[in-house]
Structure formats: structure tokens, C-alpha cells
Chemist: 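Once you've had a glance at the structure underneath, I'll fire off some questions.
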Amino acid sequence: MIAPVPAPLRIGNASGFYGDRFDALREMLTGGPLDVLTGDYLAELTMLILGRSRLKDPEKGYATTFLRQLEEGLGLAHERGVKIVANAGGLNPAGLADAVRTLADKVGVPVTVAHVEGDSLPVPDGFLTANAYLGGSGITACLRAGADVVVTGRVTDAALVTGPAAAHFGWGPDDLDALAGAVVAGHVLECGTQATGGNHAFFGEHDPARLRRPGFPLAEIHADGSSVITKHDGTGGVVDLSTVTAQLLYETGGARYAGPDVTARLDTVRLTADGPDRVRIDGVRGEAPPPTLKAGLTRLGGWRNEVVFVLTGLDIEAKADLVKAQFADALERGGTRPPAEVRWELARTDRADADTEERASALLRLVVRDQDADAVGRAVSGAAVELALGSYPGFHVTAPPGKGAPYGVFEARPVPAGDVEHVAVLPDGRRLVVEPPALTQELAEVEKPPLPDPYPSTAPTRRVPLGLVAGARSGDKGGDANVGVWVRGEDAWRWLAHELTVERFRELLPETAHLTVVRHVLPNLRALNFTVHGLLGEGVAAQARFDPQAKAVGEWLRSRWLPVPVPLLEGVPLPEVTA
């Protein structure tokens, strides 16, 4: 007798970061059928924020927003039989689990609560937090033991999906292809509405009313690990091949996407349309995970201050030169040493013959950093303020200079998986140690895939922005930036694969010219993924550049002009030709 095929598991997402839409948990629970609802609350910067919170109150260190969402959501989930899995435990998953139990008693909802711990590592001298990225096996154990709510500390974002899927379908550590498929689905879901049209390169192709309030995504996961990405009927947003491709490229790198449970091969992912707002993911192959886990460490890196001078009208460059020279002189006359790092950036947002004062103005941004708070505090703000009546005409700043603020640093280090005790604390209080996978495989680069035949070089070209034919999405991983670029047709892919080399990338984005840039080719997705090492300095918490998380680097790339074959521009509204 053939065993019945298990029904698909419907897993939704209600949070892509700490601070995401508060109503999303309720919206997902009431918007349509679900089996599991996940929430991702942790990012590299969040761990630093929670670390500072725990310094003030050792009982905290978790995402308090999640508790407030559960005041209503816990009863809704219980009524609908929906399990809740979230990494909102941050640095204190046990504390959050206790708080959820207290809340359940208060609102009269009979739910069982479990949590996952063991990610917390010994904190080296000078650091604030140290946490390993755990996999989904602890979540699996909690759900198999009957938990209705599972909260975790630092797990991989995809573990929020692989854990429930493995529990539902009975997968073990050797079911690598199925686990890899769930990892890919989890990666698409983890950033919430980025999978349903949010932050999407081709947003202009859709009715603005649909994008006003995108619905959160969900995945229908099947027993073999394949899935369909969709959203609740009647919610806003768009799910199509392009939105899913964009999210697959977000904050990934090469073909091997490593995690604690499995290494997913992104070069095997197949995407196909499966109806309105439905994209099927299948074909994903999995390999044994690496023998190490990623560990994230945060520390306070020093102190920073910022002043933005507004320069209006004529002689913008000369005005900038004057204030920079005056500021340096004021610091020197003040008798204190200058900050260790002084950075000026002039943004020419001004226009000639402008019809409003704001359009006639440019912004001169000063950022200073130092290990000594005094070096960026009163000495800097005083030097800026004293220029008010003796500098360039029209002198003013966007906000009064402050006393400076601490900035953070994120570091990633590998730790042997066997050195981390991954523990599932079950609903009855039993502590189950989750053993690391017995089979591991060191990460290595895949062989470079063959490129498609080049687009005919005889085709006429026109100089236009890259973004007329290519989408992009970018983000951060520590001090590195990731820029994924994709196209939506075979002819465009034949052109892009040969045109957008590392050299061309550096030429289009001069900030990257002196940095190591690695290009990864993903033919199934018609995509290139670039990793720019060191663009973000010490990471987002250090706020070393204008766009500290590299969120808009992809859009900067799309705005750059280059010769594009004219046939690829058919039906595309064209801007005026530039020189």
C-alpha cells in the first residue's frame, strides 16, 4: 500500500527585523490558513542593541515587541491551531519563554512554550556579545515534543523554516535535498515583504495601489523540500519570478549557501510561475554542512559625531573648502588633538536656478570617529557652532551638533560545531542536547559554470542606465556588501553575463575600485552576485559610510549608464541620451 503524501506545510512570516510592521502577526493569523507563523527579529545590529539593553537590565535582552504582538496574537494562533516560531529571544531566550508563559496565563490561553539555547558563547575581552548561528534541529525537537510556541536566540534566519518543516515531514539530517529546499524557502521568507514587492527594482511596473501595503509572504512546503512562495489572498504586494529572484540574491554570495544543517546549492534552484502571486521553487540540491558554525561578535568600537552643513546657491565647492579649513583651524586653536578619523563628503544635491531653496542646496557631511569620547564631543560641536556667524554666506546646519555617540562593530568568526552545545528546552522542562551533524563537508568554490553565448557584438547599442534592463538588490554582511543583479530574458542574460565583469563593475562603482570584488554566476536565475569586501568598514553599527548597510548600492549600480544593445530596449521607455 502506498503511503499517502503529506499535505503541504504552510509557513508564513510576520517580521523581517526588530521594528517591522507591528500588525503583521495579527494580519497573517487572520488573513488565511497557516500551519506555522515565523518571525525574524535579529540582525547583526540588533544583537548589539540587545546587548546594550541587557547591560541596563539583565532580565531583558530579548525583543519586547514580540511580547506585545502576542497579547492579541497568542489567542488567535491557539484558535486557529497555528504554531509560532520566532528568534525574538535574542540574548535571553529562556527569559522570553518565561515571559510568554506569564502572558499566556494572564490572557487565559493554554499554550505550551519551549525554547532553544546554547548559541551564547564565552564573550572575549572587549566584546559585548558572542553568539553562534544555530540550525533548525532544536526547533524541530521542541515542535515534536508538542510545543505551540518556540522562541530561540541566534539561529540562522532559514532555521525558522527548516525546523518546522523537518518536524512536520520527519526529515532527518541525511535528507539534504529536502532541507536545502526549505533553506531556500526560508531565505525568501526571512525579510518579510521584500519577497512580495517591497524594495523591488521593478516596482514601477505594478499598480502603486498594490504596493502601498504589501502583504507578508508564506511558503507552501512539500515533503520533498520543494515549495511555492505566495501570500494571503486579498493582501497587497506582488509575488512573481522577479521578486523571488531578488530576495534569493539578497545577502548571499556564491553557489554554496552554507548553514548549520545543510549547504544549499543556489545554482540548482529552479523558479517557475505557478499562477497569480505564486512562484514554485524546486530542484534544489543539498550538501553536507561545513564543520564550523558562524559566530557573530559585537563590541563598542568607539565614539562618533556628525554635522551636516547646508550650502546654498553659488560657489558650492568654494564654500565647502572654506568651512573645512575653518573647522580644522578651530580644532587646532582649541588645543585638543583632532579626532582619529575625520571624513568629509559633499553631496551635490543642488540645482542651478532652482525654484525652491532646498533644491538650490547641497549637503556637506562631516563624520568624526575616535576611541576617546571627548575627542568627538564638545571639541567638535564647539568648533562647528562657533563658525555660525563667520563662515560662508547662508551658513546653517541640518541639526545642532551633539556630544557624540558610541558606535559598534560586528565581527564574524568560525567556531567548531562540536564546541557549541545546542539545547532544546522542551515544554516539560527537559533539556535535550542536539548533536551536530555527523557528516560535514568543507566549503569550496564550485567550478565556474559555462557562460551563455555572447550577445551579437554587431547589434547597435544605446547608452542608457543599466537598470532599464537589469534589476538589483544589495545588502550587508559585516563589513562586506553584496550586490545581486538579474535580468528577465535569455537575450539579456547573454549580454549581462559577458558585459558586467568585475572590471566593469568597478568602473561603474568607483568606490569599489580599490577593494576586492568577487563575481558569482548563477545561470538558473540569470543572475550575477557580487561580493564587495570591506566596502562597509567595520559593519553597519560603525556607520562608516553614507549607506552603512549597502541597501542602495544596487540602485546606484542600476543608475549608471553604459552601452546596451538596442534590441534589448524594445518597449522600454528611454531617457534622453547622455554624452
Side-chain angles (χ1 to χ4, degrees), residues 200-202 242 245-246 248-255 266-267 445-477 479-536 545-547 549-570 572-579:
H200 188 60
F202 298 113
S242 188
T245 298
L248 276 176
L249 297 174
Y250 181 64
E251 295 182 348
T252 59
L266 298 183
D267 55 346
E445 291 292 329
V446 302
E447 290 187 17
K448 291 185 178 180
L451 297 181
D453 293 335
Y455 194 81
S457 60
T458 55
T461 62
R462 178 167 181 172
R463 185 174 166 79
V464 296
L466 173 63
L468 294 190
V469 294
R473 174 162 295 161
S474 55
D476 64 305
K477 280 296 180 186
D480 301 337
N482 142 254
V483 186
V485 185
W486 76 95
V487 290
R488 297 178 290 179
E490 282 302 316
D491 284 344
W493 172 235
R494 291 172 62 191
W495 172 77
L496 183 76
H498 293 274
E499 174 67 21
L500 195 56
T501 61
V502 168
E503 292 71 26
R504 176 65 103 177
F505 183 93
R506 286 198 179 110
E507 176 188 327
L508 294 173
L509 304 186
E511 273 190 69
T512 70
H514 65 289
L515 300 172
T516 299
V517 178
V518 180
R519 184 179 99 148
H520 304 283
V521 181
L522 299 170
N524 279 11
L525 301 176
R526 300 191 189 103
L528 305 172
N529 220 356
F530 294 88
T531 301
V532 185
H533 293 279
L535 180 66
L536 307 180
R545 70 187 296 274
F546 168 67
D547 175 16
Q549 291 182 277
K551 296 292 189 182
V553 173
E555 286 302 293
W556 176 28
L557 178 66
R558 294 182 70 236
S559 74
R560 298 290 281 162
W561 292 58
L562 74 173
V564 174
V566 171
L568 300 183
L569 300 171
E570 186 176 346
V572 177
L574 299 179
E576 294 182 7
V577 179
T578 64

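Note that the structure is a prediction, hence the values are computed from the model and not measured.
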Chemist: Determine which pairs satisfy salt bridge (charged side-chain N to carboxylate O under 4.0 Å, His left out) with at least one residue from residues 509-522, sequence neighbours left out, and list them in order.
Modeler: Glu511-Arg545
Chemist: List for me each residue that meets side-chain hydrogen bond (donor to acceptor under 3.5 Å, both in side chains) alongside Thr531, sequence neighbours excluded, and say none if there are none.
Modeler: none
Chemist: Could you pull out all residues at least two apart from Arg506 that satisfy side-chain hydrogen bond (donor to acceptor under 3.5 Å, both in side chains)?
Modeler: none
Chemist: Under the side chain to side chain contact (heavy atoms under 4.5 Å, CB included) rule, collect the residues that match up with Pro523, sequence neighbours excluded.
Modeler: Pro449, Trp493, Val521
Chemist: Taking side chain to side chain donor-acceptor pair (under 3.5 Å) as the cut-off, I'd like each qualifying pair that reaches into residues 448-459, sequence neighbours left out, listed once.
Modeler: none
Chemist: Are Val564 and Leu468 side-chain neighbours, meaning at least one heavy-atom pair lies under 4.5 Å?
Modeler: no
Chemist: Applying side chain to side chain contact (heavy atoms under 4.5 Å, CB included), can you list everything that pairs with Ser559, at least two apart in sequence or on another chain?
Modeler: Trp556
Chemist: Can you pull out every salt bridge (charged side-chain N to carboxylate O under 4.0 Å, His left out) where at least one residue sits in residues 522-534? Sequence neighbours excluded, please.
Modeler: Glu490-Arg526
Chemist: Hey, could you give me each pair passing ring-ring contact (aromatic ring centres under 6.0 Å, His included) that has a residue in residues 505-532? Not counting sequence neighbours.
Modeler: Phe505-Phe530
Chemist: Applying salt bridge (charged side-chain N to carboxylate O under 4.0 Å, His left out) as the test, list every pair that has at least one member in residues 493-505; sequence neighbours left out.
Modeler: Asp491-Arg494, Glu499-Arg504, Arg504-Glu507
Chemist: Applying side chain to side chain contact (heavy atoms under 4.5 Å, CB included), can you list everything that pairs with Leu515, at least two apart in sequence or on another chain?
Modeler: Val532, Leu535
Chemist: Which residues pass the salt bridge (Lys or Arg N to Asp or Glu O under 4.0 Å) test with Asp267, sequence neighbours left out?
Modeler: Arg265
Chemist: Could you work out, with side-chain hydrogen bond (donor to acceptor under 3.5 Å, both in side chains) as the rule, every residue matching His533, not counting sequence neighbours?
Modeler: Asp480
